[in-house]
Amino acid sequence: MPEGYCTLEDLRIALQEAELPGDLSQDKQLAVRAIAAQTEPLEKELKRHWYAPSGADILDEATDIDIPTGPKTRDDEEDIPTGSAFLVDDEGPKPKTSQGDYAKITLARRDAESIEALHVRQADGTYEDWAASSDYSEGSWPPSGEDFYLRVNNGGWSRVYLDTTNLLEEDEDDEYVLDSFANAVYLEWSYGHEGIPDNVRRAVALRAAAMFVDEAAIQIPDNVRVSSVDALADKFETRADELLEVYR
């Protein structure tokens, strides 16, 4: 079944609150498609993924829609950033940050849960997986001397911190072994927020309602305070944006 962050019942309620008919039985497939169409765009827009834990009420309530039940994974190529506090010599910028010798990589999604693999380029061009090697260790924030850290702040923004002293020559001349820090890291990691907030469910239902009324060309009752389907869809979209503002 298609995947979405709300149920058909959520969509029905959104329509009824706008004083529209809430019977979706005649256009169930259109309603399902409208909900599913909001899932990936919302994740990309807010850089977040939500999922329902085992036993959550939404799992029992959902029909014709698959509710996500676990985190997602990504496989990303990243630069080792030099940042605004880098040191410069004849060979170019060094990856120094305000955290000392730790380079900060901002991940493409919020709510990171774990790092499965952390492949870092070596002097010979090969990659070594710091997460799998006994030569490197992962720590918990704040830094206490470990080789890398995953940090998620209160807003869910996720960053990986790498101890760049691991990339220095062993002769203590403080020379970095990499000729370039571009695409020097490959990350395999998981992300997601356990629990689908009511604001998210309602916002997705409202956005789905905007798509549904547009494609179904619903007849607007005389008691609804809008003059056209387009105006009604805009009203749904505006309310959805208001509900999602807290997650931006």
Side-chain angles (χ1 to χ4, degrees), residues 40-51 68 70-194 247-248:
E40 185 176 355
L42 184 63
E43 179 189 332
K44 290 183 176 179
E45 175 188 344
L46 299 179
K47 301 185 184 300
R48 306 192 89 152
H49 164 66
W50 292 269
Y51 63 91
K72 287 188 172 184
T73 59
R74 284 182 66 95
D75 180 356
D76 291 331
E77 183 180 49
E78 302 282 358
D79 300 339
I80 295 179
T82 54
S84 59
F86 57 71
L87 301 179
V88 178
D89 64 10
D90 293 339
E91 296 182 4
K94 303 301 185 184
K96 296 284 189 176
T97 72
S98 59
Q99 281 74 39
D101 293 312
Y102 287 91
K104 177 177 65 177
I105 298 174
T106 299
L107 300 180
R109 292 292 185 271
R110 293 152 82 174
D111 305 312
E113 290 197 349
S114 62
I115 297 173
E116 278 69 52
L118 179 60
H119 303 282
V120 181
R121 191 166 67 236
Q122 307 300 298
D124 61 2
T126 62
Y127 285 80
E128 183 172 9
D129 184 359
W130 288 17
S133 173
S134 60
D135 293 332
Y136 303 92
S137 58
E138 180 179 4
S140 57
W141 195 262
S144 56
E146 306 299 334
D147 296 296
F148 65 98
Y149 300 85
L150 174 62
R151 184 190 182 195
V152 181
N153 70 14
N154 290 337
W157 297 105
S158 304
R159 297 176 176 89
V160 174
Y161 290 79
L162 301 179
D163 183 354
T164 59
T165 60
N166 290 304
L167 305 176
L168 291 172
E169 294 280 7
E170 296 182 357
D171 59 9
E172 299 183 356
D173 287 337
D174 288 339
E175 295 293 334
Y176 283 90
V177 298
L178 300 183
D179 57 3
S180 171
F181 301 112
N183 303 328
V185 175
Y186 284 86
L187 275 164
E188 297 172 25
W189 55 290
S190 61
Y191 64 96
H193 181 281
E194 185 177 79
Y247 303 111
R248 298 187 189 283

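Quick note: numbers below take in every heavy atom, side chains included, and nothing from hydrogens, waters or symmetry partners.
- Of all non-hydrogen atoms in Tyr127 and Val185, the two that sit nearest each other are CE2-N, 4.4 Å.
- Judged by distance alone, the side chain of Arg121 and the main-chain N or O of Ala182 form a donor-acceptor pair under 3.5 Å.
- Put simply, the residue from Arg48, Arg74, Arg109 that forms a salt bridge (charged side-chain N to carboxylate O under 4.0 Å, His left out) with Glu43 is Arg109.
- To the nearest 0.5 Å, the span separating OH on Tyr102 from OG1 on Thr165 amounts to 7.0 Å.
- Looking at His49, its side chain does come within 3.5 Å of a backbone N or O of Gly70 through a donor-acceptor pair.
- Remark: of the listed residues Val160, Thr73, Leu107, Asp75, Leu107 is the sole one forming a side chain to side chain contact (heavy atoms under 4.5 Å, CB included) with Trp189.
- At least one side-chain heavy atom of Gln122 sits less than 4.5 Å from a side-chain heavy atom of Val120.
- Taking each heavy atom of Leu178 and Ala123 in turn, the nearest pair found is CD2-N, 4.2 Å.
- With a 4.5 Å cut-off on side-chain heavy atoms, Leu162 and Leu167 do not count as touching.
- Here the options are Trp50, Tyr191, Tyr51, the test is side chain to side chain contact (heavy atoms under 4.5 Å, CB included), and the partner is Pro71; only Tyr51 passes.
- Arg248 and Leu46 make their closest contact through NH1-CD2, 3.6 Å (heavy atoms, listed as atom of the first residue, atom of the second, distance).
- Counting heavy atoms of neighbouring residues, nucleotides and ligands inside a 6.0 Å radius, atom CG of Asn154 does not exceed 12 of them.
- Atom CD1 of Ile105 is separated from atom CG of Leu150 by 11.5 Å, given to the nearest 0.5 angstrom.
- Taken to the nearest 0.5 Å, the OG1 atom of Thr164 stands 11.0 Å off from the CG atom of Asp147.
- Scanning both residues, Ser158 and Val152, for their nearest heavy atoms gives OG-CG2, 3.6 Å.
- When all heavy atoms of Trp130 and Asp163 are compared, the closest pair comes out as CH2-O, 3.8 Å.
- For the atom pair Ile115 CD1 and Phe148 CZ, the distance stands at 5.5 Å (nearest 0.5 Å).
- More than 12 heavy atoms of other residues, nucleotides or ligands sit less than 6.0 Å from atom CD of Glu45.
- When all heavy atoms are compared, the tightest approach of Arg110 to Trp157 is CG-CE3, 3.5 Å.
- For the residue pair Thr126 / Glu128, no side-chain donor-acceptor distance below 3.5 Å is found, with atom types taken as modelled.
- A donor-acceptor pair is defined here as one N or O able to donate and one able to accept, closer than 3.5 Å; such a pair exists between the side chain of Asp79 and the backbone of Asn183.
- The backbone N or O of Ser190 sits less than 3.5 Å from a side-chain atom of Glu116, completing a donor-acceptor pair.
- Going from atom CZ of Arg159 over to atom CG of Asn153 covers 6.0 Å, rounded to the nearest 0.5 Å.
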